[in-house]
Protein chains: 2
Amino acid sequence: MGTPDTRQRILTAAEELFGQRGFQGVSIREITHLADANLASVNYHFGSKAGLIRSLVEHHLGSLNQERLDLLEQASANSGGATLPVEQILDIFFRPPVFRFVGPGRTFPGLLARLHNSCDPELIEVMLRVFGPLADRFLTELCRSVPHLEPRTLLARVNFMVGAMIHALAEGETMAQAFAGLEPRQQDPEFLTRQLVLFCAAGLRHE
Amino acid sequence: MGTPDTRQRILTAAEELFGQRGFQGVSIREITHLADANLASVNYHFGSKAGLIRSLVEHHLGSLNQERLDLLEQASANSGGATLPVEQILDIFFRPPVFRFVGPGRTFPGLLARLHNSCDPELIEVMLRVFGPLADRFLTELCRSVPHLEPRTLLARVNFMVGAMIHALAEGETMAQAFAGLEPRQQDPEFLTRQLVLFCAAGLRHE
DNA sequence: GGTGATATTAAACGATCGTTCGTTTCGAGC
DNA sequence: GCTCGAAACGAACGATCGTTTAATATCACC
């Protein structure tokens with residue numbers, strides 16, 4: 001089997017377990033057991049349990065948000081500075097996380113959803129640092145694209161967007177389908193992205 | 001000061017603390033300390049820590065969903081069996097939770113958001129039992145009101161709706177405003193309800 | 001072959017967790 | 001006055017938590 005260095009095995013195991021049961025719901029004994037590593041290796045490689053999840057978040061969300069910023073910059077350049085249509089902005093916003101996080105074995109969205117409701121001040125600080133530049137850039141772009149909304153209204157609706165995406169990513173196949181009595185069919189990233197864009201674009205355009 | 005029976009004081013304290021830091025993030029020692037009760041009183045009155053949060057969820061969400069079902073039944077009767085407009089259905093769906101949970105001292109939404117991502121099988125069972133009838137009733141009503149959507153699409157978008165509401169309730173004043181650099185102004189329930197209805201109705205109507 | 005830095009290991013630490021136990025307090029009913 | 005059950009209490013239980021320590025293993029390099 002593929003067993004790279006211990007550090008990477010710990011990260012993989014931690015992502016899976018944190019995504020399933022949250023930060024406080026998983027002990028580093030479980031993580032190191034799944035990673036086939038020693039109990040003390042987490043503290044050796046990451047300093048502490050909090051340092052482990054911090055590495056996890058920075059790695060995943062850092063590159064993800066950089067990809068979104070790059071796509072937005074590129075689209076903005078291609079348009080020659082003209083305001084982008086809402087659908088395009090939203091597609092850039094939704095597509096990277098959906099395609100990264102939807103599918104079998106992608107256990108990060110559960111962790112992402114939990115992080116948004118985290119209480120640990122240290123984790124909140126990480127989230128703000130990782131999401132801050134992204135929020136700034138997309139908000140100004142959306143402000144130009146939907147000028148009829150006052151900032152207060154736009155902010156509220158962007159908050160709806162984020163909630164819709166997180167919820168869909170985190171439990172799209174669990175509770176919602178249990179409610180509807182559907183079979184746990186695999187989610188289609190393209191379908192989900194399209195639905196998110198259509199739903200949220202219509203919601204943003206509305207006066 | 002108003003100190004009713006111990007059981008009620010425990011419920012109040014638990015709601016506040018669970019809403020702030022989640023089920024696993026709060027010890028029953030903290031709860032009983034805040035409630036000015038003995039450590040063993042939680043196990044005496046609720047059997048266990050899980051029994052405590054179960055009582056909490058059933059009390060809050062049971063009456064809340066009953067109110068929504070009553071409102072929907074009444075609206076359906078008043079319309080003489082005609083299909084209701086989407087905006088009315090959504091208003092009935094959003095208004096009760098928003099007005100109950102938004103405002104100072106309303107600490108339940110954080111708990112609600114966490115419960116939607118809970119991993120405890122027992123809590124999931126409670127959630128399904130409390131939300132099942134509500135989901136059935138609203139989905140059939142929405143299916144009649146937005147007939148152009150196939151069930152799969154409708155289900156995905158209703159999932160967006162739920163996520164938007166939960167996210168707005170749970171952290172409308174924390175992270176979103178921190179991103180935008182806004183002052184933590186008090187949320188207006190009427191504004192939030194209206195925005196949710198407008199945003200989601202437009203999203204649902206879209207082809 | 002020895003040396004030193006890096007990595008891994010077993011074992012233990014103190015703290016905190018949820019729960020349980022035996023006792024005491026309290027008030028209504030006879 | 002007495003009893004009896006509900007309620008509250010202090011104290012302890014066993015378990016598990018994150019973390020630390022000291023010893024051992026691994027391996028490139030001179």
Side-chain angles (χ1 to χ4, degrees), chain A residues 1-57 59 111 114-115 118-126, chain B residues 1-57 59 111 114-115 118-126:
Chain A
M1 73 180 103
T3 52
D5 61 351
T6 303
R7 185 187 155 91
Q8 188 56 47
R9 293 203 315 276
I10 291 176
L11 282 173
T12 304
E15 174 182 331
E16 175 171 342
L17 294 178
F18 282 153
Q20 288 172 0
R21 306 209 296 276
F23 180 63
Q24 297 158 322
V26 181
S27 66
I28 65 176
R29 282 173 172 81
E30 295 179 87
I31 295 172
T32 52
H33 179 74
L34 180 61
D36 204 18
N38 187 268
L39 168 62
S41 54
V42 164
N43 283 274
Y44 176 78
H45 284 284
F46 302 95
S48 67
K49 188 184 180 186
L52 169 59
I53 198 174
R54 185 150 27 106
S55 293
L56 213 48
V57 171
H59 170 258
L111 175 57
R114 273 178 242 279
L115 285 173
S118 175
C119 49
D120 191 329
E122 193 181 12
L123 288 184
I124 289 182
E125 187 271 335
V126 174
Chain B
M1 79 180 101
T3 52
D5 60 352
T6 303
R7 184 187 154 91
Q8 188 56 47
R9 293 204 313 277
I10 290 177
L11 283 172
T12 303
E15 175 182 331
E16 176 171 342
L17 294 179
F18 282 152
Q20 289 172 1
R21 306 208 296 275
F23 179 64
Q24 297 158 322
V26 181
S27 67
I28 65 177
R29 282 172 172 82
E30 295 179 86
I31 295 173
T32 52
H33 178 73
L34 179 61
D36 204 18
N38 186 268
L39 169 62
S41 54
V42 164
N43 284 275
Y44 176 78
H45 284 285
F46 302 95
S48 67
K49 189 186 180 185
L52 168 59
I53 199 175
R54 185 150 27 107
S55 293
L56 213 48
V57 171
H59 170 258
L111 176 58
R114 274 177 242 278
L115 285 172
S118 175
C119 49
D120 190 329
E122 194 182 13
L123 288 184
I124 290 182
E125 188 270 337
V126 174

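Going from atom CD of A:Glu30 over to atom P of D:dT16 covers 11 Å, rounded to whole Å. Atom CD1 of A:Ile10 is separated from atom P of C:dT8 by 8 Å (rounded to the nearest Å). Between the CD1 atom of A:Ile31 and the P atom of D:dC17 there is a distance of 11 Å, given to the nearest Å. Protein atom CD1 of A:Ile28 is 12 Å distant from nucleotide atom C1' of D:dT16, rounded to whole Å. Going from atom NE2 of B:His33 over to atom P of C:dG18 covers 15 Å, rounded to whole Å. To the nearest angstrom, P of D:dA8 lies 7 Å from OH of B:Tyr44. Spacing between atom CG of A:Asn43 and atom C1' of D:dA22 amounts to 15 Å, rounded to whole angstrom units. Here C:dG18 presents its C1' atom at 15 Å from CZ of B:Arg54, a figure rounded to the nearest Å.
Side-chain contact check for B:Arg9 versus B:Thr6: some heavy-atom pair is nearer than 4.5 Å. Within the 4.5 Å cutoff, no side-chain heavy atoms of B:Arg21 are placed close to those of A:Gln24. Side-chain contact between B:Leu56 and B:Leu52 is absent, with no heavy-atom pair separated by less than 4.5 Å.
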Which donor-acceptor pairs under 3.5 Å do side chains of residues 32-47 of chain B form with protein atoms, sequence neighbours excluded?
from    : atom 1 : to      : atom 2 : distance (Å)
B:Thr32 : OG1    : B:Ile28 : O      : 2.8
B:Thr32 : OG1    : B:Arg29 : O      : 3.2
B:Asn38 : OD1    : B:Ala40 : N      : 2.9
B:Ser41 : OG     : B:Asn38 : O      : 2.4

Show me the protein contacts with nucleotides 27-29 of chain C, counting only N or O atoms at under 3.5 Å.
none

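Rounding to the nearest 0.5 angstrom, the gap separating the CD atom in B:Gln20 from the CD atom in B:Glu30 is 9.5 Å. To the nearest 0.5 Å, the span separating CD1 on B:Ile53 from CD on B:Glu15 amounts to 11.0 Å.
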For nucleotides 10-15 of chain C, read 5' to 3', which letter fits each nucleotide if B means a protein heavy atom sits under 4.0 Å from the base, S means only the sugar-phosphate is that close, and - means neither?
B-B---
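Side-chain N/O atoms of A:Thr6 include one lying less than 4.0 angstrom from OP1 or OP2 on C:dT8. Under 4.0 angstrom from either OP1 or OP2 of C:dT6 there lies no side-chain N or O belonging to A:His45.
A donor-acceptor pair is defined here as one N or O able to donate and one able to accept, closer than 3.5 Å; such a pair exists between the side chain of B:Lys49 and the backbone of B:Val26.
The shortest non-hydrogen separation linking A:Arg7 to A:Ser55 is NH2-OG, 4.5 Å. Across all their heavy atoms, A:Phe23 and A:Phe18 have their closest contact at O-CE2, 3.6 Å.
Contacts of B:Ser27 with the nucleic acid, taken as non-hydrogen atoms under 4.0 Å apart, involve only primed sugar atoms and P, OP1 or OP2.
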